[in-house]
Amino acid sequence: MAGTQFFGERIKRNEDPRLLTGQALFTDDVNLPDMLHAAFYRSPYAHGRIQSIDTSMAQEMEGVVAVYTADDLGDYWQPGPLLVPPPPVKDIVFNERTQVPLAKDKVRFVGEPIAMVVAESRYIAEDATDLIFADIEPLDAVVDLAAALEPDSALVHEDVGNNISAHVVQQKGSYEAAKAKADHIIQREFEYDHGIAAAMENRGVVAQWDRRAQRLTMWDTTQAPVFVRNGMAALLGLSENQVRVIAPFIGGGFGPKIMMFYQEEVLVPWAAMKLDRPVKWIEDRSENFVATTHERNQTHTVEAAFSKDGRLLGVHDVFLHDQGAYAPYGLTVPLNSQCTLLGPYDIENYYSEFTAVFTTKTIVTPYRGAGRQHGVFVVERLLDIAARELGIDKAEIRRRNFIPPEKFPYNNEIIFQDFAPLKYDSGNYEPALDKALQMIGYDDFYQNIQPQARAEGRLLGLGLVAYVEGTGIGPYEGARVQVTSSGRVSVATGIGTQGQGHFTSFAQIVADQVGVDVTDVDLVTGDTDQFHWGAGTFASRGAVVAGSAINEAARDVRQKILKLASDLLEVAEDDLELGDGKVQVKGVPDRAIPLGDLAQQANPMRGAVKPGTEPGLEATNYFGPEYGATASGIHAMIVEVDPDTMDVQILRYVVVHDCGEVINPLILDGQIQGGVAQGIGNAFYEQIIYNEQGQLLTGSFMDYLLPTSLDVPNVEIDHETTPSPLNPLGIKGAGEAGAIPTGPLFAQAVEDALNHQIEIREIPLSPSKLWELMQ
Ligand code: MCN
């Protein structure tokens with residue numbers, strides 16, 4: 001790249017003044033003249049047959065404009081698209097069942113929308129939902145994963161004939177051969193239960209149909225605006241250019257906001273067109289608990305073969321994965337679990353089989369980490385158990401199993417979520433481990449701190465885990481970069497942004513290429529009228545894929561600047577340099593053209609230009625990686641367990657992280673700190689609990705406990721850098737890193753504090769669960 005004045009610097013975020021002073025636009029800020037408001041009548045049952053729906057009283061209520069049930073939708077009623085098709089794995093079983101806009105014959109989870117009310121105000125719309133009566137014959141709920149596969153289980157989708165959403169086997173080497181050679185076999189069952197993303201901003205959509213222009217505009221809290229635009233156009237019978245989707249500022253996405261299509265997302269624009277008035281729907285928190293997709297809940301039955309010196313020779317894992325009632329997102333989550341179990345370890349033999357199960361619960365789609373947590377939990381627990389049973393230090397057993405640096409690129413052979421073989425592009429794990437050991441004071445802890453604490457009756461424990469994260473997957477992103485005649489640089493890319501600092505990190509890349517200040521770069525993300533190609537923000541791919549596309553486009557603009565300036569200044573391009581918002585002859589400040597002036601000259605009103613000349617200092621370019629870049633990290637933590645209450649206090653938390661070259665270490669630290677906070681919540685505080693009837697028992701923040709700033713320590717962060725060879729900037733993704741290994745870290749540290757009186761095989765933990773285990 002050009003220079004690195006900004007790349008790699010801790011630069012404060014360009015977007016923060018707007019956010020901190022309340023100037024940023026969120027979906028709920030969109031208020032249009034004549035706007036109507038929607039509210040949804042949702043299923044009170046997990047599973048039931050709809051006999052009839054009476055909306056007459058709601059229809060008659062003053063201020064109600066329309067009430068719709070499935071029957072009112074006509075041909076518009078159709079199951080949503082399958083976002084991710086099944087992977088090309090041999091003998092795969094895959095039963096496609098995707099969500100419907102409004103339940104028609106059956107309800108399949110508590111919170112499934114049955115009717116939509118559109119009214120003059122949200123108050124009226126909400127009140128009207130109380131006047132809707134659905135006669136539903138309750139059916140047995142399908143809650144437990146193993147019971148769902150029994151022949152006598154109720155069926156979520158009768159036409160499938162069982163509750164199997166998918167069955168996948170992937171393997172490398174031969175586990176049986178590894179077992180035959182092994183000195184030590186471990187068998188265990190592990191469980192990782194449900195959680196939610198709990199973003200600060202709930203979902204929302206505002207839609208406006210402009211009859212005169214024949215255009216639909218949607219403001220949507222989506223992580224994938226281009227997909228929503230394309231999908232809505234297809235559903236509504238419009239051309240893609242007739243639909244504009246704007247994903248404005250979003251108060252946290254964390255995965256569930258990629259889901260396409262949420263039922264409300266499909267219905268609100270349809271109603272806006274039908275009623276010829278703008279319609280708004282903003283999800284409330286109770287709805288968010290049941291209607292926004294969840295993640296997790298897997299049970300693993302695993303066997304591992306070790307040599308006596310602690311080498312992990314092979315793993316045999318069979319697991320059940322809860323899909324919820326429908327599976328619009330395909331198998332991304334269980335595939336990630338299957339792949340990420342292999343971690344940074346040189347495991348030659350692996351058998352992994354999963355059954356994804358339909359249950360009568362909220363739909364499961366990726367949530368920060370997207371199933372990687374589960375795999376990491378299993379392999380890290382296995383290493384902990386093996387270390388203890390074989391008498392090997394827990395850091396040492398990890399070191400012995402790391403993939404050595406000379407083995408990269410390292411091909412794990414099985415298929416990853418992007419359907420490419422799970423290949424690690426680069427990595428070097430031992431230096432990161434050494435750094436983490438040093439930062440947490442590993443030796444001192446075991447020689448002095450823990451024994452002293454024990455002598456005082458205090459229970460201190462240390463956790464140390466490693467993981468990899470496949471990031472930066474394709475297919476592609478694109479960007480347009482333009483130097484405007486004001487001298488400011490406009491950048492547009494198709495991905496949406498939910499707090500990742502894109503406005504700054506992407507500006508840093510552009511500023512270096514075209515020689516302007518980072519604050520002179522204006523970024524637009526997630527507005528399909530500004531840039532209409534792209535996939536979206538997920539899988540920690542924004543920096544790698546959109547960042548690289550922006551780099552390519554900015555490099556093209558740089559070349560245009562040099563070419564035009566070389567003509568105008570009559571010097572060779574090599575004799576020019578860019579900086580301070582101008583292009584100048586090297587070492588001759590007098591012979592310079594401000595970029596704004598050059599942009600004007602690149603768009604002449606008069607005079608001849610050579611045929612084929614492109615006007616403007618503007619370029620569009622795309623980037624698609626060959627396969628994903630593999631980030632990695634070590635997390636270490638010291639906890640204190642209260643012997644009376646079993647509450648856990650985190651005394652220190654250390655992360656050594658490798659995401660290749662870092663664009664902005666300040667933002668990256670924030671990403672890791674935030675991820676760790678979510679990881680801590682998932683490991684110790686948050687749990688989605690259903691009763692046997694499939695009713696959600698933890699449907700409010702009174703019952704679903706989020707960690708607060710008092711529970712989350714200041715994370716001490718350092719980096720190792722193994723640049724990715726798969727993109728010119730050498731970057732790997734980072735957005736999910738903090739959240740991935742926290743479960744096994746908690747388990748290990750707490751076991752250590754309790755002097756191994758218990759073995760932890762489930763996540764999330766809580767004081768009461770620890771107390772039960774101790775009994
Ligand atoms: N970064 C960097 N150098 C790198 C990699 C990343 O400086 N080598 C910084 C960049 O500023 C980049 C940010 O980290 O903008 C995140 O980069 P990346 O890993 O590419 O992640 P994405 O941009 O694709 O964001 C998605 C990712 C995911 S998958 C979830 S889930 C998540 C996350 O980001 N959701 C978030 N972080 C979040 N942060 C906030 N505030 N809100 C969310 O909803």
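Numbering of ligands and ligand atoms starts at 1, following listing order. Numbering of residues begins at 1 and proceeds along the displayed sequence.
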Ring centres under 6.0 angstrom apart (Tyr653, His635): yes

Sequence neighbours excluded - side-chain hydrogen bond (donor to acceptor under 3.5 Å, both in side chains) pairs with any residue from residues 497-507: Glu15-Thr504, Thr497-His502, Gln498-Gln500

Pair His374 + Tyr192: ring centers closer than 6.0 Å: yes

Value rounded to 0.5 Å, distance of CD in Glu716 from CD1 in Ile672: 13.0 Å

Non-neighbouring partners of Thr292 that pass side chain to side chain donor-acceptor pair (under 3.5 Å), sequence neighbours left out: Arg203, Glu283, Asn288

Partner set under side chain to side chain donor-acceptor pair (under 3.5 Å) for Glu201, not counting sequence neighbours: none

Pocket residues of ligand 1, ordered first by chain and then by residue number (heavy-atom cut-off under 4.0 Å): Gly252, Gly253, Phe254, Gly255, Arg368, Gln498, Gly499, Gln500, His502, Ser505, Thr537, Phe538, Ala539, Ser540, Arg541, Gly542, Ala543, Cys659, Glu661, Val662, Ile663, Asn664, Ile667, Gln671, Ile731, Lys732, Gly733, Ala734, Gly735, Glu736

